[in-house]
Structures are given as structure tokens and as C-alpha cells.
Amino acid sequence: MPELPEVETLRRQLDDALPGLLVTDAWFSPDTPQLLRRQTAAEFLDLVRGRTITRVRRSAKWLIFCLGDDLALVTHLRMTGRVFLRRPTDPADLYLRAKLGLSNGSEVRWCDVRKFGTWDLVADPREVTGPVGPEPLGTDFSADHIMAATRGRRTPIKSLLLDQRRIAGLGNIYADEALWDARIHPLRPAGSITRPEARRLHAAIVSVLVDSLDSGGSSMRDYLDTNGRAGRFQERWSVYKREGLPCSRCAAPIVKTIIAGRGARYCPRCQRKPHKPPNA
DNA sequence: CTTATTCCCTGATTGC
DNA sequence: TGCAATCAGGGAATAA
């Protein structure tokens, strides 16, 4: 699933290639009417044709194509979305759902097996993203922020890490990996996280995201970069998709449980269970 | 405001 | 071996 490192890898590649180019064409597959949510295909084309891509930004897992200061294409890959930079003569890509033609003859291809991805053309990206928490690799993310964001909350820390309003960009893979690194059980009530634990969690989140970015992200089944290349961080997962395999710290078998409808993997020895008060 | 659940979608995996 | 049921999890919508 594309999470922060994967979307940021795409953003960097797109921001290297696209600024200064004009949008010359747009095409949408009729089998994915839910992709473009705020316009018809014809309205979209009228609004973007001839506009210049000024930069490509990211907020949480949203990938944002800026078309000047007053218009932005805000996209989300959800689970199986892919963005490729191709030439029209390149071989076809599977599950192509939309295309943008560009003034240098290249094209942006949007592919998505499961059709969960979205495009929204708006003046201000926040109309689409809503409130988004601090970027974990930005300057306003800290152990203090984790303490403030968790106080008084009884939801499991794993669920809080997935809440984009609290911290931006984490998904199931990196939330599990960061909690393992910090030796915190995913079911721990968020409000019970201590300051030393918040420091460990802060360091773990930054570390796992930086390491994944350095590896070009994680490719399990669907993620590829704009050139169609896979990332390599899946080779370094400590818990994700490793249930039954030995923990690299203590050799205990990694276990999987369900938290808030999502799989959660952890080491039952390194990440101790929430404290249960004695009855009565 | 909070937290939990269901839904969307389809290929891969699991179970019988 | 086949075929149906289950799984995967982004965020939106809904419920309480």
C-alpha cells in the first residue's frame, strides 16, 4: 500500500520531471466513474488544458499536482494506485484508468486495479484532505507532539498512528514497524504512552520512514515508482507480513491480531501487552 | 468532540 | 483438482 515513503518517492520523481510542462490532454476510462469526483471528464479537460504544472506536492498520502496558485489536482492512490511517466509509444500498462498528456509529448498514466483511487480538482487541497496532522519528517513532529496527541485518548496507539489528523502519512506497514522498533504493544491505550515511550516512538517513526525512503519504499504487490521499478524496503520489514517468523531481536514468533479491522503484527515478547489491573 | 464499524473493489490466497 | 469464501487496507460515511 502506498504510504508516506512510497508517495514521497513518486512526488520526488514527478517534481523532477513535470514542472514547466503544460497539460495538453486528459483521458478517463469509462469503467472507473468514481475516480474523478468533482467534475465530468469534459469539465476537467476544460479546466486543465493549457495549464502549467508548477510543482508536485505531498500531504500525508495525498499526491498533489499544482496548476498555478489557484488550482490543484489532488490525488490519492488508496491501496493499488500506480502513477507512471511514459511515452505514448511505450507498452500498455494494466488497469489504466486515466491519462494526462503533457506538452513535451510524455504522459502521466494512472493505473489502479481496485479503483479506490481518487482525483479532485480544487482551488485549495485542504478542501479534499481535511485537517492533516504534522508531517513526521517535518520540523513540527516531536515526542512532545506525540504526548499532546495521545493525552486522554483510550484508542489503541496503533489506531491513533493510522489517524491522519494526528500524524500524517503512516499506514499499516509503517505503524506496525515503528511500534516494533519502539517496543510498544499496538493495543496500548494511546493515553498510557509514557514520555520515554513517546521519545522512542518518535525516533522509531522517523527512522523507519527515512530508511524506507532510502530504499525506494516498500513493494509488496502493487507499489511501483513512476518508472515501473519496485522498492526494496519489504526486504527489511521486521513484523509486517512476518507472522510466525522469529523476531530479529528475541527470536519469539511474530503474531498477528486484528485492531480496528486492520491486521496488526507485533512481537509478543519485545512488545509487552497492556497492563491488566487485577479484578476488583 | 470521541471511537468503532461498514463499505467500496478485485486479484490472490485459503479452505474444503 | 476446482470453486467458493476470505483477505488485503486506504479513507468516506455512518452509527452511537
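Every chain is numbered from 1, with letters handed out A, B, ... down the list of sequences. Computed from a predicted model, the values in this text were never measured in an experiment.
Whole-Å rounding puts the A/Leu187 CG to B/dT3 P distance at 15 Å. Separating the CH2 atom of A/Trp62 from the P atom of C/dG10 is a distance of 13 Å, rounded to the nearest angstrom. Residue A/Trp110 contributes atom CH2, which lies 12 Å from atom C1' of C/dG10 at whole-angstrom precision. If you measure from atom CG of A/Leu35 to atom C1' of C/dG11, you get 15 Å, rounded to the nearest angstrom.
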Checklist entry - What string of B, S and - do you get for nucleotides 6-11 of chain B, 5' to 3', when a contact is any protein heavy atom under 4.0 Å? => result --BBBS

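At least one side-chain heavy atom of A/Leu213 sits under 4.5 Å from a side-chain heavy atom of A/Thr9. Proximity of A/Asp16 to A/Gln13: side-chain heavy atoms (C-beta onward) are nowhere separated by under 4.5 Å.
The side chain to side chain donor-acceptor pair (under 3.5 Å) search around A/Thr155 returns none, not counting sequence neighbours. Not a single ring pair (Phe, Tyr, Trp, His ring centres under 6.0 Å) links A/Phe65 to another residue, sequence neighbours left out.
Using a 4.0 Å heavy-atom distance criterion, A/Gly263 is classed as a sugar-phosphate-only contact.
At a threshold of 4.0 Å, the pair A/Asp93-A/Lys99 does not count as salt-bridged, since none of the basic side-chain nitrogens sits closer than that to a carboxylate oxygen. Using a 4.0 Å cut-off between charged nitrogen and carboxylate oxygen, A/Asp181 and A/Arg200 do not count as a salt-bridge pair.
Phosphate proximity of C/dG10 to A/His76: absent, as no side-chain N or O sits under 4.0 Å from OP1 or OP2.
Among pairs with a residue in residues 130-144 of chain A, those fulfilling side chain to side chain donor-acceptor pair (under 3.5 Å) read A/Arg58-A/Glu135, A/Asp144-A/Arg195, at least two apart in sequence or across chains. The stretch residues 101-137 of chain A participates, sequence neighbours left out, in these ring-ring contact (aromatic ring centres under 6.0 Å, His included) pairs: A/Phe28-A/Trp119, A/Phe44-A/Trp119, A/Trp110-A/Trp119. The stretch residues 130-156 of chain A participates, sequence neighbours left out, in these ring-ring contact (aromatic ring centres under 6.0 Å, His included) pairs: A/Phe141-A/His202.
A/Glu177 places no side-chain N or O within donor-acceptor distance of the main-chain N or O of A/Val208, the cut-off being under 3.5 Å. Remark: the backbone N or O of A/Tyr174 is paired with a side-chain donor or acceptor of A/Glu3 at under 3.5 angstrom.
Contacts between residues 146-174 of chain A and DNA chain C, defined by a heavy-atom separation under 4.0 Å, are made by A/Gln164, A/Gly171, A/Asn172. Less than 4.0 Å separates DNA chain B from no heavy atom of any residue of residues 227-242 of chain A.
Of the P atoms belonging to C/dA12 and B/dG11, the separation is 24 Å, rounded to the nearest Å. One P atom belongs to B/dC9, the other to C/dT14, and the distance between them is 15 Å to the nearest Å. Comparing the P positions of C/dT6 and B/dT6 gives a spacing of 14 Å, expressed to the nearest Å.
Residue A/Trp180 belongs to a hydrophobic cluster whose other members are A/Val239, A/Ile254, with links defined by side-chain heavy atoms closer than 4.5 Å. Hydrophobic cluster membership for A/Tyr95: A/Leu94, A/Val113 (Ile, Leu, Val, Met, Phe, Trp, Tyr linked by side-chain heavy atoms under 4.5 Å, directly or transitively). Hydrophobic side-chain contacts under 4.5 Å tie A/Val128 into a cluster, directly or through other members, with A/Trp62, A/Ile64, A/Val74, A/Val122.
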Next on the checklist: Only Watson-Crick and G-U wobble pairs with both distances less than 3.5 Å should count. Give DNA chain B in dot-bracket notation, marking inter-strand partners with |.
Outcome noted: .|||||||.|||||||

